[in-house]
Amino acid sequence: MLEKNYQPSEIENRIYRAWEEAGAFDCMRPERKAAAPYSIVIPPPNVTGSLHMGHALNNTLQDILVRFERMRGRDVLWQPGTDHAGIATQMVVERQLMEHQEPGRREMGRDAFLKRVWEWKAESGGTIVNQLKRLGASCDWRRERFTMDEGLSRAVLKVFVELYRAGLIYKDKRLVNWDPKLLTAISDLEVQQVEVKGQMWHFRYPLADDPTKFLTVATTRPETMLGDGAVAVHPDDERYKHLVGKLVTLPLANRLIPVIADEYPDPEKGSGAVKITAAHDFNDFEVWYRHREQDYFRKQLNGGLINLFTPEAKMNENCPEQYRGLDRFEARKRIVADLEALGLVDQIEKITHVVPHGDRSNVVIEPYLTDQWYVDAKTLAKPAIEAVKSGKTNFVPKNWEKTYFDWMENIQPWCVSRQLWWGHQIPAWYGPDGKVFVALSEDEAKAEAKKHYGRDEKLTRDEDVLDTWFSSALWPFSTLGWPDKTPELARFYPTTALVTGFDIIFFWVARMMMMGLHFMKEVPFKDVYIHALVRDEKGAKMSKSKGNVMDPLELIDQYGADALRFTLAAMAAQGRDIKLATSRVEGYRNFATKIWNAARFAEMNGAKRVAGFDPKSAKETLNKWILGETEKAVREVTEAIETYKFNEAAGAAYRFVWSVFCDWYVELSKPLLTGADGAAKAETQATAAFVLDEIVKLLHPFMPFITEELWRVKGEEGEARKSMLALAEWPKLAGLEDAKADSEIGWVVDLITAIRSVRMEMNIAGGVQIPLQLIAGAATKARAERWMEALKRLARLSEITFADSPPKGSVQLLVRGEIAALPLAGVVDLAAERTRLEKEVAKCDADIERVDKKLENRDFVARAPEEILELEKERRRDAQERKSKILEALERLKGAA
RNA sequence: GCGCGCGUAGCUCAGCGGUAGAGCACUACCUUGACAUGGUAGGGGUCACAGGUUCGAUCCCUGUCGCGCGCACCA
C-alpha cells in the first residue's frame, strides 16, 4: 500500500543504493555488447568544492540525456571525475593555514604543503560526489577519475613532452598578466576587466636641452614612470615633430630617455605624448618591440626593459633606492608626492576606467615581463575551427559557434605555467647553463643532458606547475585511459555530447577541441549543448556576497531531488538564463505528489500490470483514447529530448500526466473500474497500469527517484518488481491513435466543461444536482447512455433525459452542434440567461466578421494556401451555424418569458 | 568600438507567419470514494516602439528606445 504522500527523503537514498548495487549505471554491461555506445564526460567539478545551482542544472541535463539513451538501449557511459583546480584549491588550503595560525606555505616548504593539500583533498574530496548522487546523477562511478591521479598525470606528461618536441610548447619571455597577490602568471581568460573610479596623472618631463621646457605625459599608474624607457609621439604630430630624437629627463630616476616617433600615440588623446614602460604595459611593449634595434633602447639596461616589481613585489636595483621594496600603491603615493614637490605635476584628472583584475584574487593585475611556458594555440586552433565549420562538432544552440570562432580566430599564445605548487609540475629540467631538457622523467632528462654536456650534470626541475585547464583539456580521452589503448577509449571516443555552461567555452570547450584533434585525430564530442546561467528570481547572479545563493541541497531536502530536477529541466529553454524561484520548485513537488496519487488510485482500483498486455487489443473507447494520447506524449517527449529541448520535453510530459491522464482518464475510468462489466473493468485496469508504466518511463529521465520507486512497487499482480526502471525499455508506441475515440471523449469533455462553466456563471452551488436534457440525435443519445454515470458525477447532474426540444425557460448550451438544456426555470434568472446567450451571439458575429473580412480580400483568396482558405471557410460555417442555433435558443427563451 | 541575446498576463517564462499559452500570484466556489502538495470556474495581454516585406506579422527584415552578457581598447 502506498503512503498518502510521497516522501522523497525516505526513498531517495535507498533507490540510489539499489541502482549502484545493480550496476545500473555501468558501461559495457554484458547484455549491451552489441548496442551502440553513447558517452558524455562530466565537466569535472572542483574536487574540494560543493554542489551549487550551476552544477545542479548542468548535471540534471546530462542525466536526462544519459538516462534517456540508456533506456533506449544504448551502451551508456557517463564518465565522472573531479578537477584539482590549482589556484582555487591552493588558496583554500593557504587560508586554512592562516586561520589555524600555522606556518604559511613558503615557511613549510613545497613537500609539506602539498601533503597538506592532499590531506584536504582526502578529507573533502568525497563531498561533491555524494552531492551529485543525491541529485540522482547516473555516472559510472567505478570509473571516477581525478585530474591528478596517476593515469591522468601520465597523460599530461606525455602531452606536454610531445607538444614540446613538436614545437607547439615553448618557453618565452614576454609580458604576462601577473597576479601580485597570488604571485603567479595567469592567462588572459583569468583576467576580468573591472570598471573603477580612478585618476589620471599628468606629469611634466623636462627637456634635456632646455629644462625650463617640458613634455607632458599622462598615466593612470604613476609608479611605472620609474621604468620608462622613452616618450613616444605620433610622427605626424606637428606639436612634437621637433622633439623627436631629443632627450628628456626622467624625473626622480634622473635618467635621460629619448622621444621617439611611433604610430601608437593618438594625438587626440591626452597630451598626445605617451610614456613608454615596456616591461609594464602591453601596448608599450609593442612599441618597444618595434624599436628594439634602435641604439637608444639597446644602450639602456636590460635591453631597454626595466622591471620594477619582482615576484616578491620588491622593486629591483634599477629603481632609485628610496622606492625599493615598496608596495606598488605605496610607491604610487610617494612618487606623486615627490613629483608634486618638484612642481612636475601638471594636473590630476578624475576618471572612470577599466582595470584588469585577477578573477580569483580580485587584485589589480600587473603586466610583467617574465619567462613562461606557452602553447602555440594558433596552430592547434586551425583544425579545431575547421571541425566546427564542417559540422563534425555542432554547437546547440548554434549561435555559440560565432563566439567560438571569434575567439579561436584571434587566439593568443596560451600561457600554461603557473607559479603555484598544487598541480602538474612541468616536466622540464635545467642544466647549469640554463639549457632546458623536457622529458617524461628525470632519468630521461638526465640521459639527454649527458648526451648534450658529455658528462653527468646536476639538473634542477622547473618549479612551476601547469594551468589547471591544461589537464582539463585532455579530459575526454585521458579519462578513458589514454595514452593506453583501452577498450573504453576505442568504444567511447569521440564522446557523443558535451553539456556545459557558456562561461567555459574558451577555458575548456575550445581547448578540448584543440587537444582532442591533435592527439586523437578526431573531435572529442559531436554535440556541445551550451546551457545558461542559473540566476535568482530577480535575475541577479547568485553570489555569496549578495546573499541570494540558493543551495540545491537545501531544495532537495525540502522538495526532493525530482522536483528540483524537473524545475531545472522545465526552465532550461535554449539561449535563456534560468531565473529560479522556489515557487516553481514547489509547483513541481506538487506534480510529484500528483503522480504518486495517480499511482495510488490505480493501486486502490486493482490496476495491476498484465504481462503481455497488448495496447492494440483495447476495445473500450476510453482506453483507446488514452492509449492514443500516450502515443502522442511519447512522441513529443522523445523528439524534444533528441533535440535538446529539455523544457519542451518536460512540458509535454507534465501536460500529459496532469491535464490528460489525471484530469480526464482517471475521472472517466471510475465508472468502468467500479462497474459490473467484468471485461471492461479488467481491460481498464490493465490499460491504467500500462499507461502508468509508460508515464513512469517517460518521466524517469527527469524524475528518476519517484518513478523508480513506483516502478518497483507497482509490479505485476502487485508484486514488487525485480527489474530496474533505469534499465527498462523506453516507450515505443505506434498506431494507437483513434479518431473515433478522440471524438467521443472530446464530446464528453466538452459537455462536462460547458455544464460546469454555466453552473458557475449561474451561481449554482456545487452540491446541487441539476437535470440535463439533451436535444440530440441517435449517436449522441448512445454516447450519453454510455457515459451516463461519468457525466452525472463530473457535471453534478441528477438525471439525463432526451427530448426533441428544450423545455421552456431552460438554460441552453451548444455542445458540438447540439443543444444541451438545463431545465432551470425558477432556479435561474432568465434575464441573465438571455444576456449570456446574447453575448454568445455577439461572439459569433465577431468571428464571422473577422473571417468575412479575410474572405472579401481578393488577395487573400488568391494567395493564401488552400488549407488555410479551407480552415477559414470552415470557421465561418461553424460560427454561422452556432449563431443560428443560439438565436433559436434565444427565441425559445423569449417564448418562455 | 565589435559581437551575442533579451523586452509577451501582476511575477517568472514558453511560443512563433494563419483567431495569444503555462506555472506562480489573484477572485469565487468545492473537504464528491487518488490527491487541499487537491478540484472547478474565472479575471487579467494594443506580444517595447516605428517603419518595411507579406493575402496575413507577436513571430521575418530595418531602425529607435530600454536592459543584460561576452570580447577588445582606453597614455
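Atom set for the values below is all heavy atoms of this structure, side chains included, hydrogens, waters and symmetry mates excluded. Note on naming: letters A, B, ... go to the chains in the order of the sequence lines (proteins, then strands), and numbering restarts at 1 for each one.
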Exercise for review: Assign A:Asp266 to base, sugar-phosphate, or nothing according to its heavy-atom contacts below 4.0 angstrom with the strands shown.
Suggested key: base

Study note, to complete from the structure: Pairing partner of B:A22, by Watson-Crick or G-U wobble and under 3.5 Å for both distances, is B:U12

Check your understanding: Aromatic rings A:Phe591 and A:Trp658: how do their planes relate, parallel, tilted or perpendicular, breaks at 30° and 60°?
Key -> parallel

Check your understanding: In terms of the angle between their ring planes, are A:Phe646 and A:Tyr529 parallel, tilted or perpendicular, with boundaries placed at 30° and 60°?
Key -> perpendicular

Check your understanding: If you check the A:Met571 side chain, which of B:C73, B:C35, B:U12 turns out closest?
Key -> B:U12

Review point. Does a nitrogen or oxygen in the side chain of A:Lys792 sit under 4.0 Å from OP1 or OP2 of B:U32?
Key: no

**Study point:** Closest listed nucleotide, where the reference is the side chain of A:Arg589 and the choices are B:G18, B:A34, B:U37
**Key:** B:U37

Check your understanding: Which nucleotide, B:C69, B:G5, B:A34, lies nearest any side-chain atom of A:Asn399?
Key -> B:G5

**Study point:** Nearest-angstrom distance, C1' atom, B:A9 to B:A48
**Key:** 15 Å

Check your understanding: Any side-chain N or O of A:Ser757 less than 4.0 Å from the OP1 or OP2 oxygen of B:G42?
Key -> yes

Review point. Within the structure shown, what part of the strands sits under 4.0 Å from A:Arg756 by heavy-atom distance: base, sugar-phosphate, or nothing?
Key: sugar-phosphate

Point to revise | Distance between C1' atoms of B:C29 and B:G43 (Å, rounded) | key: 15 Å

Practice item. Please say which of A:Phe502, A:Trp508, A:Phe395, A:Phe506 ends up in a ring pair (Phe, Tyr, Trp, His ring centres under 6.0 Å) with A:Tyr404. Key: A:Phe395

Exercise for review: Kindly indicate whether the side chain of A:Lys402 and the base of B:C4 share any N or O donor-acceptor pair separated by less than 3.5 Å?
Suggested key: no

Review point. Nearest of B:A14, B:A34, B:C55 to any side-chain atom of A:Phe860?
Key: B:C55

Review point. Are OP1 or OP2 of B:C29 and a side-chain N or O of A:Asn763 less than 4.0 angstrom apart?
Key: no

Study note, to complete from the structure: Answer for the Watson-Crick or wobble partner of B:A48, both distances under 3.5 Å, is B:U64

Check your understanding: Strictly under 6.0 Å, is that where the ring centroids of A:Trp596 and A:Tyr6 end up?
Key -> yes

Check your understanding: Checking all strands, does A:Gln769 fall into the base, sugar-phosphate, or nothing category for heavy-atom contacts under 4.0 angstrom?
Key -> nothing

Review point. Considering only B:C4, B:U32, B:G38, which nucleotide approaches the side chain of A:Arg796 most closely?
Key: B:U32

Exercise for review: Let me know, please, whether A:Tyr654 or A:Asn597 comes out on the 5' side of the other along RNA chain B by nearest nucleotide.
Suggested key: A:Tyr654

Exercise for review: Report the nucleotide, chosen from B:G18, B:U19, B:C71, that has the shortest atom-to-atom distance to any side-chain atom of A:Ala864.
Suggested key: B:G18

Practice item. May I ask you to say what A:Lys275 touches in the nucleic acid, namely base, sugar-phosphate or nothing, with a heavy-atom cut-off under 4.0 Å? Key: nothing

Exercise for review: Indicate, with a heavy-atom threshold strictly under 4.0 Å, whether A:Thr219 touches base, sugar-phosphate, or nothing.
Suggested key: sugar-phosphate

Review point. Below 4.0 angstrom from OP1 or OP2 of B:G56, is there any side-chain N or O of A:Lys854?
Key: no

Check your understanding: Which part of the nucleic acid, if any, lies within reach of A:Tyr264 when heavy atoms closer than 4.0 Å are counted: base, sugar-phosphate only, or nothing?
Key -> sugar-phosphate

Review point. When you compare B:U53 with B:A14, how far apart are their P atoms, in angstrom units rounded to a whole number?
Key: 31 Å

Review point. Given that both distances must come in under 3.5 Å, which nucleotide forms a Watson-Crick or G-U wobble pair with B:C69?
Key: B:G3

Exercise for review: Quick one: label A:Ala598 by what it contacts on the DNA or RNA (base, sugar-phosphate, nothing), any heavy atom closer than 4.0 Å.
Suggested key: base

Revision key, fill the gap. Checking B:G23, B:U37, B:C55 against the side chain of A:Thr593 (C-beta onward), the nearest is B:U37

Check your understanding: Hey, does the side chain of A:Trp658 come within less than 4.0 Å of B:G39's phosphate (OP1/OP2), counting only N and O?
Key -> yes

**Study point:** Side chain of A:Ser583 (C-beta onward), nearest among B:C24, B:U19, B:C35
**Key:** B:C24

Check your understanding: Which is true for A:Thr220 with a 4.0 Å heavy-atom rule: it touches a base, it touches only sugar-phosphate, or it touches nothing?
Key -> sugar-phosphate

Review point. Taking for each residue the nucleotide of RNA chain B bearing the nearest heavy atom, is the 5' side occupied by A:Arg875 or by A:Glu648?
Key: A:Glu648

Review point. Considering only the P atoms, how many Å lie between B:U8 and B:G3, rounded to the nearest integer?
Key: 25 Å

Check your understanding: Can A:Glu586 and A:Ser583 be counted as having a side-chain donor-acceptor contact under 3.5 angstrom?
Key -> no

Review point. Roughly how far, to the nearest 0.5 Å, is CD1 of A:Ile530 from CD1 of A:Ile505?
Key: 4.0 Å

Practice item. Start with the C-alpha distance between A:Tyr559 and A:Tyr588, add both sets of side-chain angles, then the distance that settles ring pair (Phe, Tyr, Trp, His ring centres under 6.0 Å), and finish with yes or no. Key: CA-CA 9 Å; A:Tyr559 301 108; A:Tyr588 291 119; over 10 Å; no

Review point. Quick one: A:Arg863 CZ to B:G56 P, roughly how many Å, whole number?
Key: 9 Å

Practice item. Check every atom of B:C55, B:A34, B:U37 against the side chain of A:Lys670 and return the nucleotide holding the closest atom. Key: B:A34

